[in-house]
Amino acid sequence: MATKSPVTPPAPPVQQPSRDDGGSVVLERRTQKVKPPQMYQVVMLNDDYTPMEFVVVVIQEYFNKDLETATQIMLKIHLDGKGVCGVYTKDVAATKVDQVLEAANKAGHPLKCVSEPVE
Ligand code: TYC
């Protein structure tokens, strides 16, 4: 089996030393170029048919919430029509959506969720 290469952090911005008139070396301050990734929230939608218990189990299982938190999120969705189950990077959010839709399909429930950029 191939060994994993170590993860290296991105290199800091390069600063070029330059000389000022007095002969001393000056480092120019550069603005930070590494931005945090765009985050995506997974929003679950209400419907009239999916059992509440199923939604609570799905939120616990795929969004790592405890029973009480999952129940609160489910009730918010039930009352408001939708609710955020978690916030992730783009790929992770897309995977969560796929997992939820597959679990709902397998169980024969119309439960839907989507991912959308935060802000
Ligand atoms: N409204 C559903 C019911 O009364 C429960 C439900 C909650 C369904 C949240 C979907 O995302 C959902 N059985």
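All ligand and atom numbering here is 1-based and tracks the order in the structure. Heavy atoms only: backbone and side chains are in, while hydrogens, waters and symmetry mates are out.
Within 4.0 Å of ligand 1, heavy atoms belong to protein residues Met44, Leu45, Asn46, Asp47, Thr50, Met52, Val55, Met74, Ile77, His78, Leu111.
In this structure, Lys112 contributes its side chain and Met44 its backbone to no donor-acceptor pair below 3.5 Å.
Contact detail for Tyr88 and Phe63: the closest heavy-atom pair is OH-CD2, 3.3 Å.
In this structure the side chain of Glu68 reaches within 4.5 angstrom of the side chain of Gln72, judged on heavy atoms.
Every residue two or more places apart in sequence or in another chain that forms a side chain to side chain donor-acceptor pair (under 3.5 Å) with Thr69 is listed here: Asp66. Residues satisfying the side chain to side chain donor-acceptor pair (under 3.5 Å) test with Thr50, not counting sequence neighbours, are Asp47.
Listed by first and then second residue, the side chain to side chain donor-acceptor pair (under 3.5 Å) pairs that reach into residues 89-98 come to none, sequence neighbours excluded.
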